[in-house]
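Everything quoted here is computed from the prediction, not taken from an experiment. What's counted below: heavy atoms across the whole structure, side chains too, no hydrogens, waters or symmetry copies.
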Amino acid sequence: MQGTVDGFSYGAVTPVAAYVMACLGAALGLRCVVRSVYNERSWKPGWLALGAASIGCGIWTMHFIAMIGFRVKESPIHYDVGLTVLSLAVAISVVGVGVFAVGYRGVSTATLCSAGCVTGLGVAAMHYLGMAAIQLHGYIQYDLAVVALSVGIAIVAATAALWAAVSIRGFLTSLGASLVMGVAVSGMHYTGMAAVGVHLHGTTGGTITGESPTSILMPMLIGPVIFLLLAGVVVMFDPMLVLGEGDGDRNRNRNRAAVRGRDREAPRQPWRADRPDRPDRADRADVPLEHPDDDSVSLFDPTVRRERRQQGTGRRIQH
């Protein structure tokens, strides 16, 4: 007897919520990897691990939020607790393998392809482990061609995610990449679900082992969701993660170059007792005083202040 499968029993609520969690995990993971790769002073293993956990939790949370809407009309559904927990461990572990590979070895073709394949196969394994945790009055059949397509989507999505993790530095570009990754992860999930067919033993079969979806999935989702929210707080309070290390470096280098360029072009002027750090600008209307809002230089940059103190000391000695 063939069962009637409904993957959207709550309408658009579960797919939209699942997509949002996938995007959140991807966005946090990308910013953490950027922090580890482009800041030499950061603790690289810790930030890579946080990034891998964020992406892995996002993928796992997306999967099981979507599964809350999965129903077989002729049979109740329960979940095996051990396999459900194992699927979470697999998701974080395989993403960690890929993130650490590209984090330490870069995005060479060989590294990216191998890490993308391992991570993609791991994500697919997480999905089908979660499906294997389903207990019902029957068994699940799969269309192998659609399964192969879902695995291919997982590998492509994982490879693109790993490339983006170490190649995209700006905040807006990372945000866009996370939205695309959310689409890819959700697409992989629902492609895999399209391969599902349920063969029932009967509507009055024996007792089903495991836990009901509400009794196992809802409590288990709380942990990863709280983790993602805490990781989001870490990102919010680290300006480097929000703005991007590369943007900050370019701005600081531009400011310092502007200061050095003006100092080289400006002729020496008499030293002023009331402003020992500046030459006399009474006769130089073409050289305005810097302002904290001026994009060309930041008065709050400690390097700039130190250079100006040194220049002022040199002028006092010469005069």
Side-chain angles (χ1 to χ4, degrees), residues 22-60 62 86-127 129 150-185 188 224 227-228 231 234-235 238-250 253:
C23 292
L24 177 60
L28 296 178
L30 288 179
R31 300 316 296 164
C32 291
V33 175
V34 166
R35 178 68 162 79
S36 70
V37 171
Y38 293 108
N39 182 18
E40 297 178 354
R41 294 169 294 179
S42 65
W43 185 42
K44 195 169 189 176
W47 284 106
L48 289 176
L50 180 60
S54 297
I55 297 174
C57 283
I59 295 172
W60 186 88
M62 177 270 150
L86 179 61
S87 67
L88 174 60
V90 168
I92 295 176
S93 299
V94 297
V95 172
V97 170
V99 166
F100 272 81
V102 298
Y104 280 98
R105 303 185 63 180
V107 287
S108 65
T109 302
T111 300
L112 192 60
C113 290
S114 58
C117 288
V118 171
T119 304
L121 291 173
V123 170
M126 179 278 300
H127 173 85
L129 270 175
S150 69
V151 173
I153 293 174
I155 292 175
V156 172
T159 304
L162 295 175
W163 173 85
V166 295
S167 301
I168 295 178
R169 303 176 66 175
F171 175 71
L172 292 179
T173 51
S174 292
L175 180 61
S178 66
L179 296 177
V180 174
M181 287 169 58
V183 172
V185 173
M188 178 268 162
F227 170 78
L228 290 175
V234 172
V235 170
D238 192 334
M240 185 179 298
L241 292 180
V242 175
L243 298 177
E245 174 69 8
D247 297 338
D249 284 345
R250 285 193 293 271
N253 293 336

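Between Gly116 and Leu162 the shortest heavy-atom distance is N-CD1, 3.7 Å. Leu28 and Leu228 make their closest contact through CD1-O, 3.2 Å (heavy atoms, listed as atom of the first residue, atom of the second, distance). When all heavy atoms of Leu30 and Ala164 are compared, the closest pair comes out as CD2-C, 3.9 Å. The two residues Ala154 and Met188 come nearest to each other via the heavy atoms CB-CG, 3.7 Å. Of all non-hydrogen atoms in Met181 and Ala26, the two that sit nearest each other are CE-CB, 3.5 Å. Across all their heavy atoms, Gly120 and Ala158 have their closest contact at N-CB, 3.5 Å.
Tyr104 places none of its side-chain heavy atoms less than 4.5 Å from the side chain of Ser36. In this structure, Val99 and Trp47 have side chains that are not in contact, with every pair of non-hydrogen atoms separated by 4.5 Å or more.
With hydrogens and angles disregarded, no donor-acceptor distance shorter than 3.5 Å links the side chain of Thr119 to the backbone of Val95. At distances below 3.5 Å, at least one donor-acceptor pair connects side-chain atoms of Lys44 with backbone N or O atoms of Gly103.
Within the model, atoms CD1 of Ile59 and OG of Ser54 stand 11.0 Å from one another, a figure rounded to the nearest 0.5 Å. To the nearest 0.5 Å, the span separating OG on Ser87 from CE on Met126 amounts to 7.0 Å. The CG atom of Leu175 lies 8.5 Å from the SG atom of Cys23; values are rounded to the nearest 0.5 Å.
Residues satisfying the side chain to side chain donor-acceptor pair (under 3.5 Å) test with Ser93, not counting sequence neighbours, are none. In this structure Trp43 satisfies the side chain to side chain donor-acceptor pair (under 3.5 Å) test with no other residue, sequence neighbours excluded. In this structure Ser178 satisfies the side chain to side chain donor-acceptor pair (under 3.5 Å) test with no other residue, sequence neighbours excluded. With sequence neighbours excluded, the residues that form a side-chain contact (heavy atoms from CB on, under 4.5 Å) with Thr159 are Leu112, Ile155. Listed by chain and number, the residues in a side chain to side chain donor-acceptor pair (under 3.5 Å) with Ser167 are Trp163 (sequence neighbours excluded). Here Ala49 pairs with Phe100 under the side-chain contact (heavy atoms from CB on, under 4.5 Å) rule; sequence neighbours left out.
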